[in-house]
Amino acid sequence: MSTTPTSKPRSSTPTVFEQQREEIVREIAGGMEQVLQNINRLNRNLESIIAVGNEFSSVEALWSQFENFMARPGHENENGGRQKETHQGGGEGQIEMRDQDS
């Protein structure tokens, strides 16, 4: 009669490896949940920042119009289409102001 090695019946209690694996999987799942919450919070903050920025679009457009107006060469002022021109005289730092027609 020969004896064959018989396998032990598997017990219903998990091994140390399985316990550690389950603990690590739970930690990873908790960490992923935390990451998801933080990403959602970041998304809400970015949306609110964009909304605040969009509120200033009309102000930006007004300043842009003003800048474009001021950048135009030879723009006329309120003095009947006349501009004042500044020239430095030949004397010791004297500045002469005179009206010129545009």
Would you compute the distance between atom CZ of Arg21 and atom OG1 of Thr15 and round it to the nearest 0.5 angstrom? 7.5 Å

Side chain of Glu22, backbone of Gln19: donor and acceptor closer than 3.5 Å? no

Closer than 3.5 angstrom, by distance alone: can the side chain of Asn43 be matched with the main-chain N or O of Ile39 as a donor-acceptor pair? no

To the nearest 0.5 Å, how far apart are CG in Leu62 and CD in Glu60? 9.5 Å

Other residues, nucleotides, ligands: >12 heavy atoms within 6.0 Å of Glu23 CD: yes

In the structure I gave you, are the side-chain heavy atoms of Leu42 and Asn38 within less than 4.5 Å of one another anywhere? no

What's the spacing between Glu67 CD and Arg72 CZ if we round to 0.5 Å? 12.5 Å

Quick one: pull up CD in Gln65 and CG in Asn68 and give me the separation to the nearest 0.5 Å. 8.0 Å

With a 4.5 Å cut-off on side-chain heavy-atom distances among I, L, V, M, F, W and Y, is there a chain of contacts connecting Phe17 to Ile28? no

Hphob cluster co-occupancy, Leu46 + Leu36, side-chain heavy atoms under 4.5 angstrom: no

